[in-house]
Amino acid sequence: MTSTLDAVSTGAASIEKAPLERYVAPAKPSLIGLSRAQLADALGDIGVPERARKMRAQQIWHWIYFRGVTDFESMTSVSKELRASLAEHFTLARPEVVVEQVSVDGTRKWLLRLPGDPDSGLPHDVECVYIPDAERGTLCVSSQVGCTLTCSFCHTGTQRLVRNLTAGEIVGQIMVARDRLGEWQRKSGSPNLRKSNSNSGKPEFDGTRPTDGVIPAGDRCITNIVMMGMGEPLYNFEAVRDALLIVADNEGIGISKRRITLSTSGVVPYIERAGAEIGCMLAVSLHAVRDDLRNELVPLNRKYPIEDLLEACRNYPGASNARRITFEYVMLKGVNDSIDDAKALIRLLKGIPAKINLIPFNPWPGTKYECSDWEQIEKFSQVVFDAGYASPVRTPRGRDILAACGQLKSATEKLSARERMALRAMAMTD
Ligand code: SAH
Ligand code: SF4
């Protein structure tokens with residue numbers, strides 16, 4: 001299998017690798033990731049009469065996505081017979097947590113194992129990172145095992161193993177994070193809050209809600225989702241869309257679409273669909289202001305050049321000054337970090353409701369790039385700031401947080417200050 005992959009992935013000219021790993025659904029499927037209609041159909045398959053399906057699906061939805069139960073036995077409003085039948089045919093399985101790392105500031109990183117391809121025998125692992133802040137808690141979610149694209153500065157792009165995640169595996173990452181953070185609401189209708197024992201008077205969730213490190217104010221640990229983990233979300237459009245619609249559903253996890261950001265390397269034909277069919281916030285990995293350089297950094301640019309990409313951004317449904325598009329720009333020493341580049345960036349984005357996120361490059365073994373010097377990042381950021389854009393790297397918080405999403409490949413190394421800074425930049429801090 002891998003020999004075919006070698007043929008398409010080697011050489012500077014390649015834009016993409018074919019997804020070669022197979023997804024084989026478990027014999028007993030998980031209900032996680034099904035839409036309400038699919039859930040009703042699944043109930044039909046196990047003999048629930050048509051007239052009861054909608055109501056039953058509604059009840060089960062509540063148990064899965066509002067209460068976060070992990071077994072059918074806990075669904076006390078569902079009849080005993082139906083519970084038994086559900087348990088016979090389905091599971092509520094989430095991705096398996098293989099490694100959990102917790103940083104002193106409360107940041108957590110999970111290595112998750114998904115069903116592998118029986119042909120290759122290789123495990124399918126993805127990472128998911130939780131970044132808490134005083135005002136928000138951001139979860140960085142993966143859309144693919146590896147990535148079919150081959151951006152030259154990205155570690156994930158060098159990974160040979162590639163497959164799309166299912167909608168269930170994408171929602172499953174959020175479920176796992178909520179499980180581990182003790183964020184489920186145990187009582188119907190109202191969050192299961194209790195007064196903190198500390199003097200802060202802040203409400204807290206029961207369960208294992210963390211008490212160490214930074215904890216976002218309010219009653220939620222996870223307030224924001226960024227599709228910035230492994231993979232190109234717009235190359236797995238349907239699964240990402242279905243998953244995000246579940247995550248945004250008000251009668252379940254209920255994270256507002258304004259707090260969900262999808263990051264793309266620029267898959268132009270799907271940008272409009274993302275706006276129309278998901279309605280989430282958009283982040284675009286721009287990284288260069290000229291096509292010749294962007295062709296090298298983000299080879300997909302050869303298919304969808306800067307002008308087409310920016311045109312798609314101009315037309316992004318719902319974009320406005322209140323709902324700006326984020327442009328990500330990785331700072332590569334001597335490559336894209338000159339003052340002229342900064343000025344060209346401002347010119348290029350004129351007329352687009354934009355935010356600019358400067359990301360310090362995270363080096364990885366074997367890369368030919370280096371991160372720009374801090375001084376240069378400051379100068380670049382000053383040009384951006386003077387043009388009226390808030391510039392997140394100007395306010396480093398120096399907190400101890402984990403590896404940057406763009407680096408998600410190696411699981412458990414210790415993280416450098418630069419990695420922490422890059423992750424901070426990607427946490428979409430305003
Ligand atoms: N595939 C999507 C989303 C995942 S990557 C995309 O490319 O937008 C999330 C962000 O991390 C992207 O902006 C990506 O360009 C950036 N990134 C990748 N590798 C990086 C690295 N080594 N250092 C800093 N940022 C990186
Ligand atoms: Fe894929 Fe994004 Fe990495 Fe490019 S930057 S290889 S699109 S994950």
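Computed from a predicted model, the values in this text were never measured in an experiment. As the structure lists them, so they are numbered: ligands from 1, and atoms in each ligand from 1.
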**Prompt:** Closer than 4.0 angstrom: is that true for some heavy atom of Gly157 and an atom of ligand 1?
**Reply:** no
**Request:** State plainly whether the residues Lys355 and Glu328 are in salt-bridge range, i.e. N to O under 4.0 Å.
**Result:** no
**Asked** Would a 4.5 Å heavy-atom cut-off, applied to side chains only, mark Tyr235 and Leu300 as touching?
**Response** yes
**Request:** State whether Cys147 contributes an N/O/S atom found under 2.8 Å from atom 1 (Fe) of ligand 2.
**Result:** yes
**Item:** From Lys109 atom NZ to Thr107 atom OG1, the distance as rounded to the nearest 0.5 Å
**Value:** 11.0 Å
**Request:** Below 4.0 angstrom from a heavy atom of Ile359, which ligand 1 atoms are there? Numbered from 1 as shown, please.
**Result:** 24 (C), 25 (N)
**Request:** Give yes or no for whether the N/O distance cutoff of 3.5 Å, strictly under, is met between Ser285 and ligand 1.
**Result:** yes
**Request:** May I ask you to identify, for Thr264, whether its side chain, its backbone, both or neither come under 4.0 Å of ligand 1 on a heavy-atom basis?
**Result:** backbone
**Prompt:** Counting each atom of ligand 2 from 1 as listed, which ones have a heavy atom of Gly157 under 4.0 Å away?
**Reply:** 6 (S)
**Complete:** Within the 4.0 Å heavy-atom cut-off, what Pro360 brings close to ligand 1 is backbone
**Message:** What I'd like to find out is whether the side chain of Leu139 reaches to under 4.5 Å of the side chain of Cys128, using heavy atoms alone.
**Reply:** yes
**Asked** Using heavy atoms and a threshold below 4.0 Å, how should the contact between Glu328 and ligand 1 be classified: side chain, backbone, both, or neither?
**Response** side chain
**Item:** Polar side-chain atom of Glu296 near backbone of Leu293 as donor-acceptor pair, under 3.5 Å
**Value:** no
**Prompt:** At a 4.0 Å threshold, what atoms of ligand 1 neighbour a non-hydrogen atom of Ser265?
**Reply:** 6 (C), 7 (O), 8 (O)
**Message:** Just so I know, are the side chains of Thr158 and Thr367 near enough to count as touching, which here means a heavy-atom distance under 4.5 Å?
**Reply:** no
**Message:** Pairs of nitrogen or oxygen atoms closer than 3.5 Å, one from Gly229 and one from ligand 1: do any exist?
**Reply:** no
**Asked** Is the distance between atom 3 (Fe) of ligand 2 and the nearest N/O/S atom of Cys154 smaller than 2.8 Å?
**Response** yes
**Request:** Examine the proximity of ligand 1 to His287 and report which part, side chain or backbone, both or neither, has a heavy atom under 4.0 Å away.
**Result:** side chain
**Message:** Quick check on contacts: which atoms of ligand 1 are under 4.0 angstrom from a heavy atom of Cys154?
**Reply:** 18 (C), 19 (N)
**Message:** With salt bridge (Lys or Arg N to Asp or Glu O under 4.0 Å) as the rule and sequence neighbours excluded, what pairs involving residues 331-347 come up?
**Reply:** Arg290-Asp341, Lys333-Glu370, Lys333-Asp373
**Asked** Does some side-chain heavy atom of Glu272 sit less than 4.5 Å from a side-chain heavy atom of Asn315?
**Response** no
**Prompt:** Given that the side chain starts at C-beta and the backbone is N, CA, C, O, which of these parts of Asn362 lies under 4.0 Å from ligand 1, counting heavy atoms, or is it both or neither?
**Reply:** both
**Asked** Are the aromatic ring centres of Phe72 and Phe90 under 6.0 angstrom apart?
**Response** no
**Asked** What orientation do Phe153 and Tyr369 show, parallel under 30°, tilted 30 to 60°, or perpendicular over 60°?
**Response** perpendicular
**Prompt:** If you measure from each heavy atom of Gly231 to ligand 1, is any distance below 4.0 Å?
**Reply:** yes
**Request:** Any atoms of ligand 2 less than 4.0 Å from a non-hydrogen atom of Ser265? List them with their elements.
**Result:** 7 (S)
